[in-house]
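Worksheet: the structure to be examined is printed underneath.
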Protein chains: 2
Amino acid sequence: MTKPTPHRAAALDEITGSAIPGWAILVVQVNNVVATRLGVTDTDVQCLHVLGRHGPATPGALATRVNLTTGSASRMIDRLVAAGCVRRVPDPGDRRRVLIEPTQEGLDQVRAAYAGLVDRTRADLDAFTDGELDAILRFLRAAERSTEAEIQRLR
Amino acid sequence: MTKPTPHRAAALDEITGSAIPGWAILVVQVNNVVATRLGVTDTDVQCLHVLGRHGPATPGALATRVNLTTGSASRMIDRLVAAGCVRRVPDPGDRRRVLIEPTQEGLDQVRAAYAGLVDRTRADLDAFTDGELDAILRFLRAAERSTEAEIQRLR
DNA sequence: ACACATCAACTGCGTGACGCAGTGAAATTA
DNA sequence: TAATTTCACTGCGTCACGCAGTTGATGTGT
């Protein structure tokens, strides 16, 4: 077992040290370009992503997800409301709370902005077998969990 | 061929519509947390990532990679110099140009900030076979190319 | 029932990152 | 050599953000 796979160690290094960072840099950049296109802030699109993924949320919950104070989140929501991407809905259960829910227009704008990238990625995935696709999916889910855990730790 | 794999279509949708976006959101968030920890801006860490990946670059090249004007890049470099992460080196070949190169301290700081996440990811990757690892690596490289291409298109 | 503490979202104010427009220096070209 | 282009770099205004305080609603103890 002194030499399980020399190739394997190299692959691990390349994935963690080069491929993931390289991709992450471009993800940040494409988000920035999209934000500029939509005429909003990077933080705003991040907020829209969170809403599209987890559904309506309170300003407070939104603030923690995008690393903002509640005050700054308030202003961010003002901007998104003004842009027609988001709506303020009173929480029937607790009249202190307000729920922020994305408008159809907001969801469509974000979806359209990333449609090109999604298409390219689908095309990329054509080159893989069903089993490889499954492995990729499992990896992405694992990375999601690990990144989430690391965020919690770093706070 | 009317039913190549029903499972495959579902996997494609989940990867492009859920797994990648979900991970991307967290990548942005972890970058933000790291930036706060290092006492610099999100843009600053993005710049450090670019430098760590592509080596020394001129302020102009750096500006395009982080979507900034050359003026704002100048100030960003000022901040990074003040933080001891970066050095200005005159270009011997063209005396108008200045090369920005990361200091060892800057590289170490970034590396340390992400060490926990890298460790987690390596642990995640233990669960995959050599062949699966190879598929994951090929996918990441393809995603990198596609994202790069989409950025060019959106400009 | 009534005060009192808590928790939610929201506002004034200061700081700072950014874009824009202009400057100066060096290189390229006519 | 003169004109143009291409760099990096600076005043200035705008706007996103954090901080601290406000308002209103919900619980909580006596």
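Naming convention: chains lettered A, B, ... in sequence-line order (proteins, then strands); numbering from 1 in each chain. Quick caveat, the model's predicted, so the values are computed rather than measured.
In terms of heavy-atom proximity, B:Leu117 sits nearest to B:Thr121 at O-OG1, 2.8 Å. A:Thr64 approaches A:Arg155 most closely through the heavy-atom pair O-NH2, 3.1 Å. The heavy-atom pair separating B:Pro102 from B:Val86 by the smallest distance is CA-CG2, 4.2 Å. Closest non-hydrogen pair, B:Val27 versus A:Thr147, comes out as N-CG2, 4.2 Å.
The distance from atom CG of B:Asp94 to atom C1' of D:dA8 is 11 Å, rounded to the nearest whole Å. As a whole-Å value, the separation of A:Asp42 CG from C:dA17 P is 15 Å. Between the CG atom of A:Leu99 and the C1' atom of C:dA8 there is a distance of 12 Å, given to the nearest Å. In this structure, the CZ atom of A:Arg97 is 13 Å from the P atom of C:dC10, given to the nearest Å.
Proximity of a side-chain donor or acceptor of A:Thr103 to a complementary backbone N or O of A:Cys85 within less than 3.5 Å is detected.
With sequence neighbours excluded, the residues that form a side chain to side chain contact (heavy atoms under 4.5 Å, CB included) with B:Ser18 are A:Arg53, A:Arg141, B:Glu14.
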Output field dot_bracket for DNA chain C (Watson-Crick or G-U, both distances under 3.5 Å, | for other-strand pairs) contains ||||||||||||||||||||||||||||||
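Contact between the side-chain N/O atoms of A:Arg95 and the OP1/OP2 oxygens of C:dA8 is not found at any separation under 4.0 Å. Taking 4.0 angstrom as the limit, A:Thr58 places a side-chain polar atom (N or O) nearer than this to OP1 or OP2 of C:dA9.
Residue-to-nucleotide proximity on DNA chain D shows that, of A:Thr41 and B:Ile100, the 5′-proximal contact is made by B:Ile100.
Residues of residues 62-93 of chain A having a heavy atom closer than 4.0 Å to DNA chain C, listed by number: A:Thr70, A:Gly71, A:Ser74, A:Arg75, A:Arg88.
Separating the OG1 atom in A:Thr16 from the CZ atom in B:Arg120 is a distance of 15.0 Å, to the nearest 0.5 Å.
Using a cut-off of 4.0 Å between Lys/Arg side-chain N and Asp/Glu carboxylate O, B:Glu150 and B:Arg153 are scored as salt-bridged. B:Arg122 and A:Asp13 are joined by a salt bridge, as a carboxylate oxygen and a charged side-chain nitrogen come within less than 4.0 angstrom of each other.
Judged by distance alone with a 3.5 Å cut-off, a donor-acceptor contact links the side chain of B:Arg96 to the base of D:dT6.
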